[in-house]
Amino acid sequence: MSQEKSVGIVAPQRFRFNEPIALKSGAQLPGFELVYETYGTLNAARSNAVLVCHALSGGHHVAGTYADDPKNVGWWDNLVGPGKPLDTDKFFVVGVNNLGGCFGSTGPLSINPQTGKHYGADFPLVTVEDWVAAHARLADHLGVDTWAAVIGGSLGGMQALEWSLQFPDRIRHAIVIASAPKLSAQNIAFNEVARQAILSDPDFHGGHYAEHGVVPARGLRLARMVGHITYLSDSQMGEKFGRQLRHGEHKFSYDVDFEIESYLRYQGDKFAGFFDANTYLMTTKALDYFDPAFNYDGNLAAALARAKARFLVASFSTDWRFSPARSREIVFALLHNRRHVAYAEIDCDAGHDSFLLDDAHYHAVLRAYLENISV
Amino acid sequence: MTYEKPRGTPRNPLTAKERERFDFAVIANWIPPGERVLDLGCGDGRLLRYLRETKDVDGYGVEIDDESVLACIRNGVDVIQIDIERGLSGFESQSFNHVIISQALQAMRATERILTEMLRVAEEAVISFPNFAYRANREAITGGHMPVSEDLPYEWYDTPNVRFFTIVDFEALCEKLGIEIRERLAFDVFGQPVADDPNLNGSLAFYRLGRKA
């Protein structure tokens, strides 16, 4: 095994797609831009490209750092790089900010050419299917006919699954981590609380807050706080914070008493400082709507019949947002269709967020699977 | 195409590696080419790999152990990490031709449930296990010790085995569960087939099982 290294200094790229795109909602965008990063080199056979799909809060900056912002390390830097499990000496790795995102791809923060103002709430709702359709345009632009693999965790895993359904001949391997074939009522309920937090913020202004020169930071902060609780496990939260008191005594006020309160407030503030509320709203709806079995009377096996890719499915023992049982639904639907699938249920106490960590066994599983992919 | 079974000689018991190849060859003889096969407790997937290479089977393995799952993935074997002890509920009925449990049934607790489930998900089950009533094992007990042999290579304090049974015991359980024994083979530690009193002379037992009509 060669030594693990960082991909080093990277720079995002941008491409404008001038063909209109018809969205699942029925709306249409006249064209759009995607911001992306690439790591490694596309080989002559164009057979070594891997698409990394991001989850709710991620973006195109998957690995490495920026020359003018060395502390801004990519969100999956522990996985992607020379000698790392997703080895950029072997693979040409692509990270992309999804359509509707807030890190530079066309989205609610962009200027609507028809009005000359920010789209804001007028940006159409986009779905997982729409993201994949947009990814395919990027693949065309990059000269990638077929991805060696599409990989993602959580909502990113749904995109990898959707890739195998929408473009079965353009993806050889789907790596679906800490994901689910659709949200449960409980999952949707948490998303609805997050949305209501944003929608009821007086600074939301029906989604046109940019015109008022404000952001619904309080709503976004609350949304992130409730979301964050679902990303962690009870045991891990107990271990990390327990009932530790900030000031060593009960203050009998609504300021921070317990350390967990401080932590959630910090996470909420941090998130509200860089994420767009409209993108957050839209992304939670994309999660809620994702359900490939919807048009098959809820029969997931029938929905997955058209997939041809080989699959690696992985889940984490303490993930209660997308529990291992949700991953097993995907596995058994693939099994019904006699598709190649390996399934690892990883013992890790960090809950849903485990997929972002570098647990040794988890990374060994990914490394083993990725090493066997021929390029 | 026939597959040569490795044979020990009466003087030299099979080595661990030979035993494994022997086990695989006996099982493979019962698996027609191109079948759909499920291997329970598949370890690092080497039996499935063998069956894929020699019989072109469409195979999946089930394993609970992390290191074994990792090894399967390394070996390019389709492995599903679940706990067999909790049943095979995700597997559809009659979705496999053969389900195999090679040298692993004695290490599982939910024996009846597993046997019943095996014949739910597959048309036939193939099982191999060490016969605890083998002559040398009886002699060990008579001599005051738990048996340790090529086929039972563990001390009592570190054995993964939790169910200790004999050919006669196993057949009684099959009767109770309405399981039909379609074929039985027994071998001694030299890999020689045993016809006479297999419960005494057989160290390893192999069964091909089905549901009674």
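Letters go in sequence order (proteins before strands), and every chain restarts at 1.
Both the backbone and the side chain of A:V341 come within less than 4.5 Å of a heavy atom of chain B. Contacts between B:I82 and chain A at a heavy-atom distance below 4.5 Å involve the side chain alone, from C-beta outward.
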Can you pull out the donor-acceptor contacts between chain B and chain A, under 3.5 Å, including backbone atoms?
residue	atom	partner	partner atom	Å
B:Y60	OH	A:R339	N	3.4
B:Y60	OH	A:R339	O	2.5
B:I73	O	A:N372	ND2	2.8
B:R74	O	A:N372	ND2	2.9
B:D78	OD1	A:V341	N	3.3
B:D78	OD2	A:H340	ND1	2.6
B:V79	O	A:Y343	N	2.7
B:Q81	N	A:Y343	O	3.0
B:Q81	OE1	A:E345	N	2.7
B:E92	OE1	A:H336	ND1	2.7
B:E92	OE2	A:H336	ND1	2.7

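Closest of all the heavy-atom pairs between A:A364 and B:L70 is O-CD1, 3.4 Å.
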| Full working for side chain to side chain contact (heavy atoms under 4.5 Å, CB included) between B:I80 and A:L335 | CA-CA 10 Å; B:I80 297 164; A:L335 201 61; 4.0 Å; yes
